[in-house]
Amino acid sequence: MEKAVRRIGVFTSGGDAPGMNAAIRAVARTCQHMGIECVGIRRGYHGLINGDFTKLDFESVSDLSRRGGTMLYSARSEEFKTPAGQERAVATCKMLGLDALIGIGGDGTFQGLLRLAERGLSVVGIPGTIDNDIACSSYTIGYDTACNTALESIDKLRDTMQSHERCSVVEVMGHRAGHLALNVGVACGATAVIVPEHPVDIENDLLEPIRRARLGGRTHFMVIVAEGVEGGAYAVGKVIEDATALDTRVTVLGHIQRGGSPSSRDRITATYMGFEAVRLLAEGKTCRVVALQGENYVDYDITEALQMSKSLDQHTYEVMRALTGVQ
Ligand code: F6P
């Protein structure tokens, strides 16, 4: 007979992302709807080890979807990486009577869930990261808002770059991946975009587009660099200044990209994913990651999901090259 799930713990872990709160709300309310108790674990795996929790019910998650950050706080725990830490986390789950856990985060969060599943807990992961670098899902919660936040800042930078006839080099987050930088670059109409997935031909991919724009009459330039590129935006800025004598300014957008009220896409995706996560556990499934493939919400075995790899969208990369005039 299927083991009924009576109490589910939910937590957020790793870098926060806009929309995590909407996912928490969806988990808590779906639990309530299905007659399951919901416990929020604060501060990710750190809180799981230390029994740091708060009860979540229908009312305690109201007015949450529009809020950035995560009401459950987030953390990265070194202790949880040790077998002793994992045992302590399991002990907390036993003490709180948790039948199952939902972790919202990235690959590191899913690795942790796998360790807990190996110790007998039922677990489901929800992809939440602005980096959009979870291989099994075409979309991760927070990505759209982060793109929009970066664009807003870049539009403002453009104004002052135009006034001073400068070259702006903007570093966009994304950890080791260039998804965020590439999309932001396409959306802002960048002069050039540099991502870690493709080796850069300085002359062809960076300097020539700037020269061509200058010859076309442009006097200000926007170069987008993913943080995963070696040396980051400062290295790229120096190359430009040395080679072109353009007055160049580097801006690292940094954590501003992780904040703000989530976009409708992030609120909606997070809500569906939260609902799906509870549904899977209620159906007796475990060790799954909720994912989006096209228009469809699907789920994968965590081990399988962690073995998958995600490459930069080739079509978007080609569009970027076409629109920046790179041969
Ligand atoms: O994974 C999300 C992310 O914001 C990455 O883009 C970035 O590399 C990293 O987290 C920054 O982490 P921290 O919060 O530790 O500065």
Side-chain angles (χ1 to χ4, degrees), residues 5 8-31 34 36 38-45 47-48 56 61 64-65 67-76 98 100-117 121-146 258 262-263 265-283 285-293 296-306 308 310:
V5 177
I8 290 176
V10 58
F11 65 93
T12 48
S13 169
D16 64 350
M20 280 184 164
N21 275 329
I24 295 166
R25 174 180 178 273
V27 166
R29 290 212 166 167
T30 308
C31 279
M34 294 185 176
I36 299 168
C38 187
V39 176
I41 309 293
R42 286 187 291 234
R43 302 176 177 86
Y45 288 107
L48 203 54
L56 297 177
V61 294
L64 201 56
S65 298
R67 295 184 194 280
T70 159
M71 70 162 292
L72 293 176
Y73 304 94
S74 195
R76 293 187 171 101
L98 299 177
L101 282 174
I102 294 173
I104 308 165
D107 278 344
T109 307
F110 302 157
Q111 294 276 7
L113 288 176
L114 194 54
R115 298 287 89 79
L116 295 174
L121 280 168
S122 292
V123 298
V124 169
I126 294 178
T129 164
I130 64 161
D131 302 336
N132 202 22
D133 61 349
I134 303 297
C136 70
S137 188
S138 55
Y139 189 80
T140 61
I141 298 167
Y143 181 60
D144 185 57
T145 309
R258 293 230 303 250
S263 68
R265 182 167 190 195
D266 281 325
R267 294 183 207 192
I268 291 165
T269 309
T271 301
Y272 277 112
M273 285 185 169
F275 176 87
E276 285 303 314
V278 177
R279 190 182 60 77
L280 287 169
L281 290 170
E283 284 175 2
K285 306 225 172 84
T286 180
C287 211
R288 312 297 294 173
V289 180
V290 180
L292 190 63
Q293 285 303 341
N296 301 318
Y297 289 90
V298 294
D299 55 279
Y300 290 90
D301 176 75
I302 294 187
T303 310
E304 195 191 323
L306 287 169
M308 293 163 82
K310 189 180 207 173

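Computed from a predicted structure; not experimentally measured.
Legend: residues meeting ring pair (Phe, Tyr, Trp, His ring centres under 6.0 Å) with Y297, ordered by chain and number and at least two apart, are Y272. Take R42 and apply the side chain to side chain donor-acceptor pair (under 3.5 Å) test, not counting sequence neighbours, and it matches D52.
Formation of a donor-acceptor pair under 3.5 Å by the R288 side chain with backbone atoms of D299 is found in this model. When atom types are taken as modelled, the side chain of D266 and the backbone of G142 share a donor-acceptor pair closer than 3.5 angstrom. Within the 3.5 Å criterion, the main-chain N or O of N132 finds a donor-acceptor partner in the side chain of T140. Checking side-chain atoms of T12 against main-chain N and O of Y73 turns up a donor-acceptor pair under 3.5 Å. A distance-only check finds no donor-acceptor pair linking the side chain of Y45 to the backbone of A75 [under 3.5 Å]. Remark: side-chain polar atoms of S74 are not paired, donor with acceptor, to backbone N or O of R43 under 3.5 angstrom. The main-chain N or O of V298 is never found under 3.5 Å from a side-chain atom of N296 such that the two would form a donor-acceptor pair. Distance alone, capped at 3.5 Å, is enough to place a donor-acceptor pair between the N21 side chain and the R67 backbone.
Remark: I268 CD1 to S263 OG distance equals 8.5 Å, nearest 0.5 Å. With rounding to the nearest 0.5 Å, the separation of OG1 in T109 from CZ in R76 is 8.5 Å. To the nearest 0.5 Å, atom CG of residue D131 and atom OH of residue Y143 are 10.0 Å apart. For the atom pair CG (L280) and OG (S122), the distance works out to 11.0 Å, reported to the nearest 0.5 Å. Summarising the geometry, atom SG belonging to C287 is positioned 10.0 Å from atom CG belonging to L116; distances are rounded to the nearest 0.5 Å. In this structure, CG on L121 lies 8.0 Å from CG on L98, to the nearest 0.5 angstrom.
Side-chain contact check for I36 versus L281: every heavy-atom pair is 4.5 Å or farther apart. Looking at Q111 and L306, their side chains come closer than 4.5 Å, going by heavy atoms from C-beta outward. Two residues are said to be in side-chain contact when any heavy atoms from C-beta on lie closer than 4.5 Å; R279 and T30 fail this criterion. Residues L72 and I41 have side chains not in contact (no heavy-atom distance under 4.5 Å, counting atoms from C-beta outward). Residues Y300 and Q293 are in side-chain contact: their nearest non-hydrogen atoms beyond the backbone lie under 4.5 Å apart. S137 has its side chain out of reach of V289: every pair of non-hydrogen atoms, C-beta onward, lies at least 4.5 Å apart.
What you find for A28 and L56 is that their closest heavy atoms are CB-CB, 4.0 Å. S13 and M20 make their closest contact through O-CE, 4.3 Å (heavy atoms, listed as atom of the first residue, atom of the second, distance). Taking every heavy atom of both residues into account, F11 and G44 meet most closely at CD1-CA, 3.9 Å. Of all non-hydrogen atoms in I134 and K310, the two that sit nearest each other are O-NZ, 3.3 Å. Contact record, A291 with C136: CB-O, 3.5 Å, taken as the closest heavy-atom pair. The minimum heavy-atom distance linking A22 with R267 is given by the pair CB-O, 4.0 Å.
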Hey, mind stepping through V124 and E276 against side chain to side chain contact (heavy atoms under 4.5 Å, CB included) and telling me if it holds? CA-CA 10 Å; V124 169; E276 285 303 314; over 6 Å; no

With side chain to side chain contact (heavy atoms under 4.5 Å, CB included) as the test, would you mind laying out the steps for V61 and R29 before giving the verdict? CA-CA 8 Å; V61 294; R29 290 212 166 167; 3.8 Å; yes

